[in-house]
Protein chains: 2
Amino acid sequence: MEMETFDNLSGVSFRPQESLSIGAQLHRILRAAIIRGDLVPGQAISEIEISKKFSVSRQPVREAFIKLGEERLIEVLPQRGTYVRKISVKEVLDARHLREIIEVSIVREVAEKHDAELIRTLRELVAAQKQVPQGDNQSFLLLDEEFHRTLALSAGREYAWRVTEGIKAQMNRVRFLTFGSATPMQQLADEHAGVIDAIEAGDADLAGKRMEQHMRTLITTLPLMAERYPEHFVAE
Amino acid sequence: MEMETFDNLSGVSFRPQESLSIGAQLHRILRAAIIRGDLVPGQAISEIEISKKFSVSRQPVREAFIKLGEERLIEVLPQRGTYVRKISVKEVLDARHLREIIEVSIVREVAEKHDAELIRTLRELVAAQKQVPQGDNQSFLLLDEEFHRTLALSAGREYAWRVTEGIKAQMNRVRFLTFGSATPMQQLADEHAGVIDAIEAGDADLAGKRMEQHMRTLITTLPLMAERYPEHFVAE
DNA sequence: CTATGTATACTTGTATACTAGCATTCAAAT
DNA sequence: ATTTGAATGCTAGTATACAAGTATACATAG
């Protein structure tokens with residue numbers, strides 16, 4: 001039988017590694033749990049405990065712990081124990097600061113490109129954000145993430161986006177604390193829209209200013225949260 | 001016997017964890033080996049191979065591999081093998097770009113503080129840099145790292161510095177390729193001095209400009225290296 | 001009552017054995 | 001000659017067992 005050759009496989013996207021390893025899955029699950037606050041700051045989590053809870057061995061748990069440690073979401077103390085890191089106000093502010101200069105730099109870059117297709121994509125995202133029902137913070141967070149990711153990648157700044165993902169993790173821990181109160185989704189979506197307007201107008205300065213303001217909005221509740229939930233934060 | 005109490009232990013700095021775990025040591029060793037180019041890009045390195053070479057089990061090697069994978073220095077392909085990542089010109093440029101905005105932001109911040117003590121420390125570092133004998137790239141690299149670290153930490157930007165460490169790893173891979181040729185230590189040290197001058201003068205704009213230029217100097221050899229050692233770089 | 005030693009039950013670190021997926025070789029079938 | 005498929009030897013992923021450091025409780029000596 002002859003080998004049939006296909007030249008037209010353009011539409012087919014083959015995704016290897018679709019089923020992640022147990023360790024990788026655990027990492028994803030625990031990461032989300034910490035950010036959401038299901039695992040509370042300061043809480044002890046041993047490898048054995050987690051391995052029993054998920055009916056796996058300690059090794060994949062160790063793998064997840066190593067990664068979480070690198071992301072500074074947990075702290076592994078050899079022969080002592082592993083703890084969910086408490087939130088550090090100083091570290092969050094430091095991380096936010098870095099994110100600000102990254103995102104401002106990106107948006108300024110994008111503002112000078114005049115990419116109509118991109119503008120359309122961004123506007124769709126903001127429209128979707130405005131339709132998220134009050135209280136569905138999870139959905140809004142995903143759309144928010146998509147917005148900033150689209151901006152970063154359209155500027156070809158993949159490295160910057162990877163860094164931003166880590167920063168967002170720290171910032172979102174605070175945001176989830178705030179979710180008891182109402183999230184100002186409308187305000188955030190409006191700020192997004194304002195940034196898009198400035199980009200479309202090709203006004204890099206304005207776009208930068210608005211992104212700067214947006215980055216500040218994201219942690220307005222930080223001091224309040226630190227005061228309301230002191231046990232979630234490191235004493236400093 | 002009575003318990004004697006000490007109130008004056010200020011000078012004593014007790015360092016727990018002075019002896020790192022095998023996994024942590026392997027991570028450090030392999031990281032340096034990859035950056036120096038002792039492990040060449042594209043080379044296959046299996047867990048067993050490394051574990052035998054260092055007479056340890058696979059587990060600590062796995063721990064090191066996980067961390068190296070996170071740093072994008074190796075690529076782990078499940079059930080296939082682990083390879084030293086080839087250098088990506090695009091990624092290095094992207095990383096450098098991020099480093100530029102970080103370091104410029106830091107130096108601008110520092111320029112407005114007028115910290116005489118800091119200025120003195122920085123000048124000492126540059127003086128030491130100028131005394132490094134031609135060819136001793138390792139020593140110069142350490143002093144260079146110290147210079148930028150001092151700047152970042154004096155601005156209280158620890159998060160930014162952690163990110164910069166990762167970026168430097170990528171950039172230094174190129175720099176070590178260049179070490180066959182001569183490293184322009186004098187030029188780099190002079191640029192450092194120029195930055196300090198601007199900081200001392202409190203001229204944030206100038207300090208930023210000079211740091212920007214410095215960041216560009218650091219990768220001038222990139223296109224040449226990519227052409228001379230194509231097998232070390234990913235095709236793109 | 002206080003200080004100290006000790007047993008014990010934790011913790012993470014490391015070693016070893018086993019599982020399962022992938023690539024290559026090579027023989028067999030067409 | 002070409003294709004297929006099984007065998008083999010590699011790889012990383014996972015499970016289990018053991019080693020070693022730490023914290024706690026508690027008995028014991030002073």
Side-chain angles (χ1 to χ4, degrees), chain A residues 1-6 14-30 34 39 41-86, chain B residues 1-6 14-30 34 39 42-85:
Chain A
M1 191 189 286
E2 235 177 69
M3 182 59 172
E4 202 171 344
T5 47
F6 297 91
F14 171 60
R15 254 180 254 282
Q17 288 313 102
E18 190 157 338
S19 74
L20 292 129
S21 69
I22 297 178
Q25 292 181 59
L26 283 175
H27 173 233
R28 205 158 41 92
I29 292 171
L30 294 175
I34 292 171
L39 292 172
Q43 180 179 349
I45 50 168
S46 80
E47 297 175 356
I48 285 189
E49 175 195 355
I50 303 294
S51 73
K52 282 180 181 165
K53 194 162 308 193
F54 290 91
S55 302
V56 296
S57 77
R58 272 180 59 210
Q59 292 316 315
V61 178
R62 270 184 77 75
E63 175 172 333
F65 274 25
I66 291 170
K67 291 181 181 173
L68 293 170
E70 296 269 305
E71 297 173 273
R72 302 179 67 81
L73 290 174
I74 67 176
E75 186 166 18
V76 179
L77 304 174
Q79 276 70 50
R80 288 202 227 187
T82 301
Y83 302 86
V84 178
R85 256 187 199 279
K86 294 194 175 187
Chain B
M1 191 189 284
E2 234 178 69
M3 183 59 172
E4 204 172 342
T5 47
F6 297 90
F14 172 60
R15 254 178 253 284
Q17 287 314 101
E18 191 160 333
S19 74
L20 293 131
S21 68
I22 296 179
Q25 292 182 58
L26 283 175
H27 172 234
R28 204 158 42 92
I29 292 170
L30 295 174
I34 292 171
L39 291 172
Q43 181 179 349
I45 50 167
S46 78
E47 296 177 354
I48 285 189
E49 176 196 353
I50 302 295
S51 73
K52 283 179 180 165
K53 194 162 308 194
F54 290 91
S55 302
V56 296
S57 77
R58 272 181 57 210
Q59 292 317 315
V61 179
R62 269 184 77 74
E63 174 171 333
F65 275 25
I66 291 171
K67 290 180 181 172
L68 293 171
E70 295 269 305
E71 297 173 274
R72 301 180 69 81
L73 289 174
I74 67 175
E75 185 166 21
V76 180
L77 304 173
Q79 276 68 49
R80 288 203 228 184
T82 301
Y83 302 86
V84 178
R85 256 188 199 279

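Owing to the predicted nature of the structure, the values given are computational and were not obtained by experimental measurement. Side chains are part of it too, since the values below use all heavy atoms of this structure and drop only hydrogens, waters and symmetry mates. Each chain gets a letter, A, B and so on, in the order its sequence line appears, and its residues count up from 1.
- One can place NZ of A:Lys52 at 15 Å from P of D:dA15, the figure rounded to the nearest angstrom.
- For the residue pair B:Gln25 and B:Leu20, the shortest heavy atom distance occurs at NE2-O, 3.0 Å.
- Of all heavy-atom pairs between A:Gln59 and B:Gln59, the closest is OE1-OE1, 3.4 Å.
- Screening A:Glu63, A:Glu71, A:Lys67 for a side-chain hydrogen bond (donor to acceptor under 3.5 Å, both in side chains) involving A:His27 leaves a single residue, A:Glu71.
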Could you write out each protein N or O paired with an N or O of nucleotides 6-11 of chain D at a distance under 3.5 Å?
{"from": "D:dT11", "atom 1": "OP1", "to": "B:Ser46", "atom 2": "OG", "distance (Å)": "3.4"}

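- Side-chain contact check for B:Phe65 versus B:Ile45: some heavy-atom pair is nearer than 4.5 Å.
- Here the closest non-hydrogen pair linking A:Ala64 and A:Leu30 is CB-CD1, 4.3 Å.
- As a whole-Å value, the separation of B:Tyr83 OH from D:dA12 P is 8 Å.
- Between the CD1 atom of B:Ile22 and the P atom of D:dG21 there is a distance of 12 Å, rounded to whole Å.
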- Should B:Glu70 and A:Ile66 be marked as a side chain to side chain contact (heavy atoms under 4.5 Å, CB included) after you check the CA-CA gap, both sets of side-chain angles, and the distance that decides it? CA-CA 10 Å; B:Glu70 295 269 305; A:Ile66 291 170; over 6 Å; no
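- Atom NE2 in B:His27 sits roughly 17 Å away from atom C1' in C:dG13 (whole-Å rounding).
- If you measure from atom CZ of A:Phe54 to atom P of D:dG13, you get 19 Å, rounded to the nearest angstrom.
- Closest approach of B:Pro60 to B:Ile22, counting heavy atoms only: CB-CG2, 3.7 Å.
- Looking at residues 55-70 of chain A, you'll see A:Arg58, A:Gln59, A:Arg62 sit with a heavy atom under 4.0 Å from some atom of DNA chain C.
- Within the 4.5 Å cutoff, the side chain of A:Ile29 has heavy atoms near those of the A:Phe54 side chain.
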